[in-house]
Protein chains: 2
Amino acid sequence: MKYISATARKSGRPRTFDAETALDKAMKVFWEKGYEGSSLPELTEAMGMNRPSLYAVFGNKENLFRMALERYAASHDPLFNAALAQPTARAVVEYFLRGNADAQTESENPHGCLVINGALACSDDALPIRDTLIERRAASEGKLRARLERAKADGDLPADSCSGQMARYVMTVSNGMAVQAAAGATRKQLQEVVDQVLRGWPS
Amino acid sequence: MKYISATARKSGRPRTFDAETALDKAMKVFWEKGYEGSSLPELTEAMGMNRPSLYAVFGNKENLFRMALERYAASHDPLFNAALAQPTARAVVEYFLRGNADAQTESENPHGCLVINGALACSDDALPIRDTLIERRAASEGKLRARLERAKADGDLPADSCSGQMARYVMTVSNGMAVQAAAGATRKQLQEVVDQVLRGWPS
DNA sequence: TGAGTTTTTTACTGATCGGTTCATAATGAG
DNA sequence: CTCATTATGAACCGATCAGTAAAAAACTCA
């Protein structure tokens with residue numbers, strides 16, 4: 001997904017904003033207030049640009065959200081991939097959940113997870129957004145499941161364990177941590193939740 | 001919280017609706033679409049009443065939501081209390097989470113949990129609602145913590161275990177299950193998540 | 001300087017939001 | 001039959017929603 005007015009502009013009045021940092025600001029507004037809870041005045045205010053410029057560069061509110069979501073994913077995928085690259089299933093889960101606990105409680109960002117805060121229960125208008133977020137979570141769960149399946153083959157998970165159930169369990173904890181974080185839970189509290197998960201983890 | 005126009009009416013034109021069932025309908029709309037995602041036309045349509053009647057009986061949208069929330073709590077508290085009354089910590093947790101898995105995937109109700117779907121990330125207008133929901137969840141967590149504390153004294157939890165951390169862990173799983181349910185997870189899938197929790201539970 | 005290009009600013013659109021006004025309809029009581 | 005009471009339906013309120021039109025402003029290049 002590309003900006004509508006690209007950066008390679010020949011001439012004309014210079015922009016008073018940087019598209020990249022403006023998108024970053026929009027991402028944070030959506031992150032904190034969700035898709036429907038974020039109004040255009042709030043977005044343009046945070047992004048430091050006026051409404052026609054927003055529409056010229058980002059299309060419309062829905063497209064802006066999708067671009068913000070891409071940006072969010074791009075900055076969080078490395079952590080997820082690093083988790084998947086850990087040598088054992090236990091290490092994968094610990095890396096994933098501890099990374100989540102940290103990412104969901106950064107002082108410079110809204111707490112919680114954009115992929116959940118964006119739209120959980122919403123009006124009919126926002127259903128396409130909600131469904132996109134659901135798909136993204138399902139995709140992550142699928143990757144985690146595949147990784148745990150491999151762990152079974154590697155022998156660091158019991159042969160009779162169900163990777164699909166375990167992946168869903170881990171994702172459920174991650175989702176719950178996002179809810180807790182959005183409600184004000186501290187980083188320490190979330191890490192303690194991870195402690196409990198690891199205490200019960202097989203092997 | 002009481003209906004504004006009580007049921008003991010002396011005379012006048014009879015109502016075309018029953019306040020109790022209308023509130024039930026409103027609860028389901030809020031449950032499915034959240035506080036902000038539910039519009040007054042949707043609410044009045046579902047409740048089978050017109051707008052002035054809604055305002056006469058329920059005050060305003062926020063008050064209607066709070067009454068719907070009370071109703072929701074009244075119908076779900078018995079399950080929670082029954083869980084707390086189980087003889088062992090393990091039984092408490094199992095009863096609580098299995099009950100949640102069922103309650104969040106009833107065919108006749110929206111999936112997920114009103115106390116989470118109601119308002120997770122929202123506009124500034126809905127912050128009082130969001131905070132009320134956060135308090136409710138914290139209250140439940142507190143009761144669960146107290147119950148696990150007693151379990152430690154009873155000896156069915158290790159003496160060195162932290163009831164606060166375990167309670168938050170269980171609540172986090174419950175919250176995560178609500179997110180999963182809202183996203184379309186089946187009852188069986190949620191019960192499998194509970195299986196994973198119990199597999200790792202001490203004792 | 002002047003033409004062409006792009007963004008800014010301001011004001012606007014139609015739709016919808018939560019909430020209300022008011023005349024009318026339907027009842028029970030006297 | 002009349003009157004007080006209560007609920008109904010429809011129309012309305014100001015505010016806000018997402019999205020746009022149009023003209024002025026600021027730049028490059030000739």
Side-chain angles (χ1 to χ4, degrees), chain A residues 3-23 26 29-30 33-68 118-119 122-129, chain B residues 3-23 26 29-30 33-68 118-119 122-129:
Chain A
Y3 303 116
I4 290 179
S5 298
T7 48
R9 287 158 41 255
K10 315 199 177 197
S11 68
R13 182 167 175 170
R15 290 177 171 172
T16 62
F17 62 91
D18 173 64
E20 205 77 17
T21 63
L23 182 56
V29 174
F30 284 131
K33 308 197 170 181
Y35 175 67
E36 292 194 298
S38 304
S39 70
L40 280 167
E42 277 174 316
L43 288 164
T44 53
E45 158 75 20
M47 297 167 81
M49 63 200 303
N50 49 38
R51 215 183 292 217
S53 296
L54 188 152
Y55 277 83
V57 178
F58 299 104
N60 58 20
K61 188 186 178 185
E62 176 170 346
N63 203 58
L64 172 63
F65 179 86
R66 294 186 183 279
M67 292 179 74
C122 59
S123 80
D124 293 345
D125 286 350
L127 285 180
I129 295 289
Chain B
Y3 303 116
I4 290 179
S5 298
T7 49
R9 288 158 41 256
K10 317 198 174 200
S11 68
R13 181 170 177 169
R15 290 178 171 173
T16 61
F17 61 91
D18 172 63
E20 205 77 18
T21 62
L23 182 56
V29 174
F30 284 131
K33 308 196 171 184
Y35 175 67
E36 292 193 299
S38 304
S39 70
L40 280 169
E42 277 173 316
L43 288 165
T44 53
E45 158 75 18
M47 298 167 80
M49 65 199 303
N50 50 36
R51 221 184 288 216
S53 297
L54 189 152
Y55 277 82
V57 178
F58 299 103
N60 58 20
K61 186 186 178 185
E62 176 169 349
N63 204 57
L64 172 62
F65 180 87
R66 294 185 183 281
M67 292 179 74
C122 59
S123 80
D124 292 346
D125 287 350
L127 284 180
I129 296 289

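Nothing here was measured: the structure is a model prediction, and the numbers come from that model. By convention in this document, chain letters (A, B, ...) are assigned in the order of the sequence lines, proteins followed by strands, and residues within each chain are numbered from 1. When reading the values below, keep in mind they use all heavy atoms of this one structure, side chains included, and skip hydrogens, waters and symmetry mates.
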- request: Taking only the side-chain nitrogens and oxygens of B:Thr16, find out if one of them lies under 4.0 Å from OP1 or OP2 of D:dA7.
  value: no

task: Could you state the atom-to-atom distance from CZ of B:Phe58 to P of C:dG19 in whole Å?
output: 14 Å

Contact residues, residues 38-53 of chain A to DNA chain D [heavy atom, < 4.0 Å]: A:Ser38, A:Ser39, A:Leu40, A:Pro41, A:Arg51, A:Pro52

message: The side chain of A:Arg13 is closest to which nucleotide in this list: D:dA25, C:dG19, C:dG4?
response: D:dA25

- prompt: How long is the span from the CG atom in A:Asn50 to the OH atom in A:Tyr55, to the nearest 0.5 Å?
  reply: 12.0 Å

message: Rounding to an integer number of Å, can you tell me how far A:Asn60 CG sits from D:dC17 P?
response: 17 Å

message: Measuring from the side chain of A:Pro14 (C-beta onward, heavy atoms only), which nucleotide among D:dA26, C:dT24, D:dA18 has the closest atom?
response: D:dA26

task: In whole angstrom, give the distance that lies between atom CZ of B:Phe17 and atom C1' of D:dT6.
output: 11 Å

message: Is there a side-chain contact between B:Arg15 and the phosphate of D:dA7, meaning an N or O under 4.0 Å from OP1 or OP2?
response: yes

task: Would you give the length of the straight line joining atom CZ of A:Phe65 to atom CZ of A:Phe30, rounded to the nearest 0.5 angstrom?
output: 6.5 Å

- prompt: A:Ala19 and A:Val57: which non-hydrogen atoms are nearest, and at how many Å?
  reply: CB-CG1, 4.4 Å

- prompt: In whole angstroms, how far is the C1' atom of D:dA18 from the CD atom of A:Glu36?
  reply: 12 Å

Candidate pair B:Phe17 and B:Ser53, rule side chain to side chain contact (heavy atoms under 4.5 Å, CB included), full reasoning: CA-CA 10 Å; B:Phe17 61 91; B:Ser53 297; 4.0 Å; yes

message: Expressed as a whole number of angstroms, how long is the span from B:Asp125:CG to D:dT16:C1'?
response: 10 Å

- request: Whole angstrom is fine here: how far is it from OH in A:Tyr55 over to P in C:dT7?
  value: 17 Å

task: Grab the CD1-C1' distance between B:Ile129 and C:dG18 for me, whole Å please.
output: 14 Å

message: Show me the pairs that pass salt bridge (Lys or Arg N to Asp or Glu O under 4.0 Å) and involve residues 36-54 of chain A, at least two apart or across chains.
response: A:Lys33-A:Glu42

task: Return the minimal non-hydrogen interatomic distance between A:Ser123 and B:Gly37, and the atom names on each side.
output: CB-O, 3.5 Å

query: Can you list the steps and then say if A:Met47 with A:Thr21 is a side chain to side chain contact (heavy atoms under 4.5 Å, CB included)?
result: CA-CA 8 Å; A:Met47 297 167 81; A:Thr21 63; over 6 Å; no

task: Have a look at the helix from C:dT1-D:dA30 to C:dG30-D:dC1 and give the angle its two end axes make, five pairs each, rounded to 10 degrees.
output: 10°

Side chain to side chain contact (heavy atoms under 4.5 Å, CB included) evaluation trace for A:Ile129 with A:Arg66: CA-CA 8 Å; A:Ile129 295 289; A:Arg66 294 186 183 279; 4.0 Å; yes

task: Answer yes or no: is there a donor N or O on one side and an acceptor on the other, between the side chain of A:Lys61 and the main chain of A:Ser39, under 3.5 Å?
output: no

